[in-house]
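Read through the structure below, which is laid out as structure tokens, and then see the notes.
None of these values were measured; they are calculated from a predicted model. Chain A is the first sequence line, chain B the second, and so forth, proteins listed ahead of strands; every chain is numbered from 1.
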Amino acid sequence: MIAAQDRKLALSNIGVAYTAFLLGTLCGLLQVFIRNDAIQLPAWLDYYQILTAHGVLLALIFTTFFIFGFFVTGMSKSLGNFGPKVRLVSWIGFWVTVIGTVLATAMIVSGEASVLYTFYAPLKASGWYYVGLALFVVGTWISSFALVSHYMVWRKTNKGQLSPLFAFMTITTIILWLIACLGVVATVLFQYIPWTFGWVDTIDVELSRSLFWYFGHPLVYFWLLPAYMAWYVIVPKLVGTTVFSDSLARLSFVLFILFSIPVGFHHQLTEPGISNFWKFLQVMLTFMVIIPSLMTAFSMFATFETAGRKNGGKGLFGWFTKLPWKDIRFTSIFVAMAFFIPGGAGGIINASFQLNEVVHNTLWVVGHFHITVGTPVAMTFMGLTFWLIPYLTGRKFTKAMQKLGFVQIVTWSVGMLMMSTAQHVLGLLGAPRRTAFSSYNNHASTLEWFDGIISSHVTMAIGGSILFLSAMLLIYIVVMTMFLSPKAVKEKDMVEFPMAESGKASTPKFLENWWIWIGIAFALIFIAYAIPLGDMIQHAPPGAEGLKTW
Amino acid sequence: MAKYNEAPEADLKGTLICVFLVGLVIVVMWVAAYLMYTAR
Amino acid sequence: MHFHKYEKIWLVFGIVALTIFLGVVGVSAFSHDHTPAGGMHTIDPKKVNETAPFDKPGVTQLDDDTYQVAIVAMAFGYTTPEKLRVPAGKEIVFHVTSSDVVHSFTIDNTKVNMMAVPGQITMKSYTFTEPGKYLILCNEYCGTGHHMMFNEIEVY
């Protein structure tokens with residue numbers, strides 16, 4: 001059991017995460033019904049305001065706070081309890097992040113920031129929205145520095161040793177996050193804030209978009225890597241084996257530092273201001289970042305096969321039946337992984353240069369991130385929640401809760417399958433994303449899109465409703481395990497942190513020489529971005545004035 | 001110290017088939033998208 | 001660092017597949033001109049209506065086989081003086097910009113899916129094969145009326 005103060009820190013993070021989850025999923029429910037033309041919002045509430053809240057609360061707030069809750073617990077567990085300084089700095093980071101969150105959310109609620117979570121200029125929200133976002137990022141940096149210094153203390157007292165796999169992966173994710181945020185911090189600090197507070201009149205739109213996407217793509221890896229951590233470090237323990245290969249796990253993680261950042265242009269393939277050469281170069285780099293995911297797929301199946309065979313599975317696939325399917329901590333994550341197969345494949349299509357024209361800004365993209373961050377990542381976090389909260393509170397994860405957990409995971413899977421399939425199909429037909437209900441004056445094409453059994457607003461709404469039901473079940477489980485479930489007094493009722501052993505004997509030491517990876521990462525960023533961004537700044541058009549079009 | 005790393009002779013035939021199924025999903029989806037692109 | 005024999009097979013397969021994907025899109029893009037919408041020309045977003053070709057938005061025939069279509073996207077519509085009509089089987093070069101916020105100019109069921117960015121001119125060349133009436137819509141969020149931002153192009 002980790003120190004009580006560390007548990008409190010982790011629980012506070014998880015508490016904020018699930019508060020955001022509750023509000024964000026409620027927004028999601030409203031959205032599917034508006035798109036179905038089933039409800040109309042009162043005049044003081046706007047579809048795009050709800051959409052902004054949904055994106056910010058779930059993609060940014062829920063993920064980030066949960067990730068830090070998970071990191072704090074795992075770092076304390078694998079490296080030892082936090083010292084007083086690390087703890088203090090962590091709390092400062094937590095509160096700064098919370099203040100940023102509250103400020104940004106207040107601006108969205110008051111209707112001053114219906115600019116979606118991508119906040120593309122020259123849509124001009126209240127300056128305080130951007131200040132809120134900046135504080136949010138700064139807060140995560142402070143929390144990150146606390147974790148890094150905890151790690152450095154460990155390194156100093158354990159000279160020449162490779163750190164535990166959990167700590168290694170945490171540091172990888174943090175390095176990725178710190179480098180990624182440089183882009184969004186640059187645009188918010190030097191472009192948005194001076195512009196929204198009226199110190200300058202105009203903004204260079206294309207530059208702000210490019211800096212945003214420099215951040216925007218590694219952002220998705222900041223969500224994904226903690227899920228991968230669970231897959232690499234937690235899952236082997238749940239299925240009763242050890243990490244398949246410590247060195248390959250570490251190698252795949254450092255590859256993410258290298259290749260998840262210099263790739264932002266693949267979100268900008270259909271826009272002007274970036275030449276085809278640079279777009280294609282970043283498409284190639286994007287394809288490089290697929291390789292560590294291919295390695296991960298192999299490691300996962302190998303973990304399952306090894307464990308299943310150990311438990312008596314015979315033949316080619318006998319091992320599959322020997323996996324602990326009745327353990328919701330495992331089954332949830334397994335389903336999450338399964339969703340990532342079409343999710344990842346769809347991502348390859350999105351990044352395939354001109355193929356992007358077929359799907360860009362259509363509902364396909366919405367379907368895509370609901371089966372990447374919305375299920376593989378979110379459902380992995382759910383699978384972690386089932387033991388993480390009881391572990392931190394010292395309460396039981398009762399039989400009733402376990403059963404409810406199954407219902408929750410099944411409903412999330414079914415709801416997501418319906419909703420995201422509808423979205424993928426509708427997107428391929430041409431239906432745009434980010435729109436309130438519209439039939440474009442009953443245009444023939446529009447009517448055709450929504451005419452299918454799968455490709456209909458009804459399927460999307462049923463899926464969305466099931467998802468909301470599932471979200472509320474999860475909130476119930478969270479509240480129970482956090483405050484109400486009986487305390488575990490007997491040894492057998494204690495919930496453990498399932499951390500698998502990882503053999504480091506044949507892991508090369510250079511994998512933990514961070515300066516190599518940071519150096520190569522910056523070199524690649526320089527190659528991919530220096531010239532096109534330089535051109536953009538040098539040949540900048542007169543800036544655009546801000547507008548509040550909502 | 002026990003060697004946790006996978007021994008080279010470990011039987012992972014099922015794994016190989018599974019990852020190739022993943023590969024099949026990727027290739028089929030990509031080719032379908034490419035054909036949709038060329039048809040437009 | 002040890003790779004299992006099967007993992008090597010899998011990674012070689014994966015890398016070869018990804019290389020083929022890249023090769024296919026790369027050759028198609030750069031030697032058959034199938035590049036996505038783009039362009040390096042800039043424009044003063046406050047002077048869009050005075051800058052060619054957007055001072056005369058709409059369809060212009062350039063030569064026997066080429067037509068130019070200039071479009072200004074703005075909240076919440078596209079400035080076109082009359083109905084947009086273009087012939088099938090001819091190369092149509094779209095020039096799109098925005099006079100306010102970011103929009104898109106997207107023609108349903110075609111490869112025309114262009115971002116309209118204030119300060120920049122987006123270009124895309126496309127040849128319609130089927131006559132008919134095509135829906136044009138904005139697929140980048142631009143404000144309260146975003147879902148009302150559409151138009152139509154007739155291919156004859």
Side-chain angles (χ1 to χ4, degrees), chain B, chain C residues 1-37 86 88-89 91-92 94 104-114 124-132 134-137 139 153 155:
Chain B
M1 181 160 167
K3 199 162 156 52
Y4 295 108
N5 276 1
E6 200 44 49
E9 64 276 15
D11 181 6
L12 295 177
K13 279 200 201 71
T15 299
L16 187 67
I17 294 171
C18 287
V19 286
F20 270 99
L21 288 176
V22 172
L24 189 70
V25 172
I26 294 174
V27 171
V28 167
M29 278 178 65
W30 194 88
V31 169
Y34 185 76
L35 293 176
M36 283 194 76
Y37 171 80
T38 49
R40 288 195 180 179
Chain C
M1 218 170 337
H2 173 75
F3 283 84
H4 190 281
K5 189 174 87 192
Y6 291 163
E7 180 157 17
K8 283 183 199 153
I9 296 174
W10 162 238
L11 288 179
V12 168
F13 166 83
I15 292 167
V16 167
L18 294 176
T19 312
I20 293 173
F21 294 170
L22 275 178
V24 170
V25 293
V27 169
S28 148
F30 293 106
S31 66
H32 297 91
D33 257 356
H34 286 155
T35 47
V86 293
E91 185 186 7
I92 317 292
F94 292 94
S104 93
F105 178 82
T106 303
I107 306 178
D108 182 41
N109 214 12
T110 68
K111 291 171 188 159
V112 182
N113 191 354
M114 314 161 69
K124 171 77 189 175
S125 160
Y126 185 71
T127 305
F128 290 90
T129 49
E130 291 288 321
Y134 290 76
L135 173 66
I136 299 170
L137 57 84
N139 69 16
I153 184 165
V155 179

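- Residues passing the ring pair (Phe, Tyr, Trp, His ring centres under 6.0 Å) test with C:Phe3: none are found, sequence neighbours excluded.
- Neither the backbone nor the side chain of C:Phe128 comes within less than 4.5 Å of any heavy atom in chain B.
- Among residues 14-23 of chain C, the residues having any heavy atom closer than 4.5 Å to a heavy atom of chain B are, in sequence order, C:Phe21.
- The shortest non-hydrogen separation linking C:Phe13 to B:Gly23 is CE2-CA, 3.9 Å.
- Atom NE2 of residue C:His4 and atom OG1 of residue B:Thr15 lie 8.0 Å apart, to the nearest 0.5 angstrom.
- Here OH of C:Tyr6 is found 13.0 Å from SG of B:Cys18. Values are rounded to the nearest 0.5 Å.
- The two atoms that bring C:Lys111 and B:Arg40 nearest to each other are CE-O, 3.1 Å, heavy atoms only.
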For a side-chain contact (heavy atoms from CB on, under 4.5 Å) check, start with the C-alpha distance between C:Val25 and B:Trp30, then their side-chain angles and the critical distance, and finish with the verdict. CA-CA 11 Å; C:Val25 293; B:Trp30 194 88; 3.7 Å; yes
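- Here the OG-OH distance, from C:Ser28 to B:Tyr37, works out to 5.5 Å after rounding to the nearest 0.5 Å.
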